[in-house]
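Down below is the structure, laid out as structure tokens.
Count residues from 1 along the sequence. We count ligands from 1, going down the list as the structure has it; atoms in each ligand are counted the same way.
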Amino acid sequence: MKKRIVANWKMHGSRRMAEPLVLKIAHLLHTLPTDTCPHVVICPPAPYLSLVGGLLSGSLAALGAQDCHAKAEGAHTGDVSASMLHELGCAYVIVGHSERRAEHAETGPQVRAKAEAAMAAGLIPIICIGESLEAREAGQAEAVVARQLEEALPRGQGGQFVLAYEPIWAIGTGRTPTSADIAQMHRHIQGIAGMHVPVLYGGSVKAANAREILALDGVGGALVGGASLSAEEFGAIIEAATRSAVEPGGA
Ligand code: PGA
């Protein structure tokens, strides 16, 4: 199956930075073999969605947002709805990122409501889950992730969603779990969510480790923060995903 490589710019970037970065990625995608090249999604901050959407038009990459509100409309100052994002050309939206859970006190049921709102609006939610360092060290990582899934998995049949396993202690730290731990957690997640659900890995993915991580069983792609702000780094991750689709065990 084709991998998904998702750029999460977080609250980084500017108009000046966006244009060369996005154009380089769009150009790279045209040079890769279409049957193995991954699905690439770029999630800039909300003010740059229109700009990046315009730059991506006619390219093979999709546009995504970093959050949406659970309600279709209403008195929610500062928020945006899933249908507004859809209207702007988004195909994906990240929900439940650990930074939003921590900084905006988002709960599991709220994350589910956002994911369901996204699907109702025609977007594919990328639902983030992942344990803290304390939970990992206490041997509770799988239990924490199981509870997060129980709370946040969309209900009802049909509709497409993607999961992203992002151990909190690996985000922006340069630390990653061992390959065995990543593969084990992805098995655990697919055992709960279903084998058909793509599970991305996120947390300090960079050019130097992408190949090994993307080749692991059950890893459907990567959610990339810091390294997605560099065309060279992000491009190398896309190339690693292209290669892993043709290497044994990587498809
Ligand atoms: P990172 O962030 O790649 O900078 O660790 C990943 C994420 O938070 O999505």
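- Counting heavy atoms under 4.0 Å from ligand 1, residue His97 touches it through the side chain alone.
- For ligand 1 and Ala170, the ligand atoms under 4.0 Å from any heavy atom of the residue are 5 (O).
- Note: an N/O pair closer than 3.5 Å links Gly225 and ligand 1 by distance alone.
- Of all atoms in ligand 1, listed by their number and element, those nearer than 4.0 Å to a heavy atom of Gly203 are 5 (O).
- The heavy-atom pair separating Leu85 from Ala65 by the smallest distance is CD1-CB, 3.5 Å.
- Residue-ligand proximity: Gly172 is placed with a non-hydrogen atom under 4.0 Å from ligand 1.
- Protein heavy atom closest to atom 2 (O) of ligand 1, with residue, atom name and distance, is Lys10 NZ, 3.3 Å.
- Residue-ligand proximity, Gly226 to ligand 1, at heavy-atom distances under 4.0 Å covers atoms 1 (P), 3 (O), 4 (O).
- Under the 3.5 Å distance criterion, with hydrogens and angles disregarded, a donor-acceptor pair is assigned to the side chains of His97 and Glu166.
- Distance from atom 9 (O) of ligand 1 to its nearest protein heavy atom, with residue and atom name: Glu166 OE2, 2.7 Å.
- Taking a cutoff of 4.0 Å between a charged side-chain nitrogen and a carboxylate oxygen, Arg136 and Asp181 qualify as a salt bridge.
- With a heavy-atom cut-off of 4.0 Å, Asn8 touches ligand 1 through its side chain alone.
- Tyr165 and Glu131 share a side-chain donor-acceptor pair at under 3.5 Å.
- Dense packing is recorded around NE2 of His30, with more than 12 heavy atoms of other residues, nucleotides or ligands lying under 6.0 Å away.
- Taking all atoms of both residues into account, the shortest heavy-atom contact from Tyr201 to Pro167 is CE1-CD, 3.7 Å.
- Taking any N or O of Thr173, backbone or side chain, none lies under 3.5 Å from an N or O belonging to ligand 1.
- No hydrogens or angles considered: nothing links the side chains of Glu134 and Gln140 as a donor-acceptor pair under 3.5 Å.
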